[in-house]
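What you see below is based on every heavy atom in this structure, not just the backbone, and it leaves out hydrogens, waters and symmetry mates. Throughout, protein chains are lettered first and strands after them, A, B, ... in sequence-line order, and every chain is numbered starting at 1.
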Amino acid sequence: MAKILLVDDDQSLLTIFETALKGAGYETTTAFDGKTGLDKAATEKPDLILLDQVLPDMNGNDVLKTLKADPNLKNIPVSLLSNFGQNQLVQDALAEGAVDYILKYQVEPADLVAKAAEILKAAAPAK
Amino acid sequence: MIIHELRAPLTAIKDSSKLMMDTSTMPDENRKQLLLIVHEQSKKMLEQVSMLLDAAKFDAGRFTLEKVPSDLKKVIEEKIQVFEPQAQTKHIKLISELGEALPQIVMDPVRIGQVINNLLSNSLKFTPEGGTITVSIRHKTLKSVEVTVSDTGVGIPEEKQSSLFSEFYEVEANNGNHPTGTGLGLYITKSIIKAHGGTISLVSEANKGTSISFTLPM
């Protein structure tokens with residue numbers, strides 16, 4: 001089953017998202033800040049990255065930029081998952097190559113699982 | 001940011017409870033974890049709403065203190081104890097230099113406790129691992145005491161210091177990232193001290209640390 005990397009400094013929300021995704025059979029790994037997120041992306045090669053916008057050390061969009069600039073990591077689909085949904089942040093994220101920008105307060109755990117499935121299906125190589 | 005500070009705990013409460021409702025076969029341990037999240041985030045929301053109400057009362061000139069003769073040292077010691085576990089987790093030394101016994105001071109002990117809480121909370125937020133936070137009391141004049149909370153944290157750039165005690169003003173956490181918090185803590189702190197007839201002041205240098213001092217009349 002696919003592996004999902006969650007990058008968020010909010011431990012409570014990480015616990016909730018992990019519970020939902022693991023319950024759906026996904027493998028998960030987590031990072032509390034941008035640097036650890038980038039390290040884990042490189043070492044664990046997840047199939048999908050769900051990335052918060054407000055991290056202790058950098059913006060989610062900056063993490064995204066770094067991922068997309070790395071030839072080994074640029075093809076991992078990344079969706080922002082944040083309570084910050086200002087237009088400019090969303091536009092910048094999508095311009096940098098994010099596949100989606102999910103607002104945490106608008107989705108429930110089951111919706112997040114469905115979104116993850118949708119993104120992974122779209123990213124799977126055509127048979 | 002204040003919207004974010006309210007949305008984040010509400011999102012956690014909403015999602016925890018939905019997960020528990022939707023998953024009938026959840027192991028007890030997971031359920032306990034989610035219930036703990038609901039409890040802790042509810043407490044966080046209560047604190048945020050209380051701060052908003054306090055700020056509104058100050059703005060409307062309707063804030064009242066319940067002053068009684070109180071032991072200032074004891075109020076501070078109790079708050080330091082509350083923050084000890086957090087400080088230990090971050091390997092931050094929390095030092096108290098509270099001196100000899102003080103005569104009782106006529107003050108609102110709950111509100112002064114809130115001031116100490118705000119100052120310690122900020123220092124912990126902005127002091128990296130291995131740093132130091134010191135709380136001290138001294139006689140400023142024959143008729144006033146001064147309490148200082150100093151840290152070896154990231155400090156506040158000079159150009160931002162004059163706005164620090166303004167309502168809804170937030171200092172960026174680090175690396176110029178989005179500010180965190182409601183921006184009300186120091187505004188309420190200043191308002192409480194002023195209501196006591198005291199003064200509040202700040203000394204800070206970027207990358208060296210911050211000291212915030214307030215006085216209380218004796």
Side-chain angles (χ1 to χ4, degrees), chain A residues 6-25 28 30 32-35 37-38 50-66 80-86 88-89 92-93 102-115, chain B residues 1-45 48 86 89-90 124-129 153-154 170-182:
Chain A
L6 293 144
V7 187
D8 199 318
D9 64 337
D10 188 324
Q11 178 65 73
S12 299
L13 289 175
L14 273 181
T15 301
I16 294 163
F17 298 148
E18 270 203 297
T19 306
L21 291 166
K22 278 181 172 160
T28 61
T30 58
F32 296 124
D33 57 64
K35 183 173 181 313
L38 289 167
L50 296 173
L51 175 57
D52 191 19
Q53 187 63 260
V54 179
L55 296 166
D57 53 350
M58 54 180 84
N59 285 337
N61 282 355
D62 292 333
V63 175
L64 173 64
K65 219 184 271 188
T66 308
L80 276 292
L81 177 60
S82 173
N83 272 328
F84 274 92
Q86 289 92 325
Q88 196 58 58
L89 288 174
D92 289 349
I102 304 167
L103 293 175
K104 289 175 190 171
Y105 65 91
Q106 286 186 347
V107 299
E108 300 201 327
D111 300 326
L112 181 65
V113 171
K115 283 265 183 189
Chain B
M1 278 310 296
I2 195 162
I3 293 175
H4 178 262
E5 289 303 302
L6 294 174
R7 262 190 189 146
L10 275 172
T11 303
I13 293 165
K14 167 181 77 74
D15 287 350
S16 283
S17 43
K18 189 73 166 87
L19 255 181
M20 283 188 281
M21 285 187 326
D22 288 350
T23 320
S24 53
T25 55
M26 185 177 286
D28 274 347
E29 198 189 301
N30 284 8
R31 197 172 292 277
K32 251 191 200 166
Q33 227 179 0
L34 293 174
L35 280 169
L36 186 59
I37 287 172
V38 170
H39 178 71
E40 284 176 352
Q41 297 299 319
S42 303
K43 272 170 52 179
K44 202 169 166 184
M45 278 276 336
Q48 307 288 19
Q86 266 186 68
T89 308
K90 271 186 91 172
L124 265 170
K125 195 196 290 190
F126 291 109
T127 301
E129 282 206 19
V154 298
E170 301 150 72
V171 177
E172 284 142 2
N174 56 45
N175 295 327
N177 201 359
H178 291 286
T180 58
T182 56

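- Chain A forms more heavy-atom pairs under 4.5 Å with one residue of B:L34, B:D15, B:D22, B:T23 than with any other, namely B:D15.
- The backbone N or O of A:L89 sits nowhere less than 3.5 Å from a side-chain atom of A:D92 that would complete a donor-acceptor pair.
- Residue A:L81 is tested with A:L51, A:V7, A:L112, A:D8 for a side-chain contact (heavy atoms from CB on, under 4.5 Å); the sole match is A:L112.
- Heavy atoms of B:E40 lying under 4.5 Å from chain A are absent altogether.
- Heavy atoms closer than 4.5 Å to chain A are found in the side chain of B:N30, but not in its backbone.
- Counting only N and O atoms by type, the side chains of B:Q33 and A:T15 include no donor and acceptor under 3.5 Å apart.
- There is no side-chain donor-acceptor pair under 3.5 Å between A:Q53 and A:N59.
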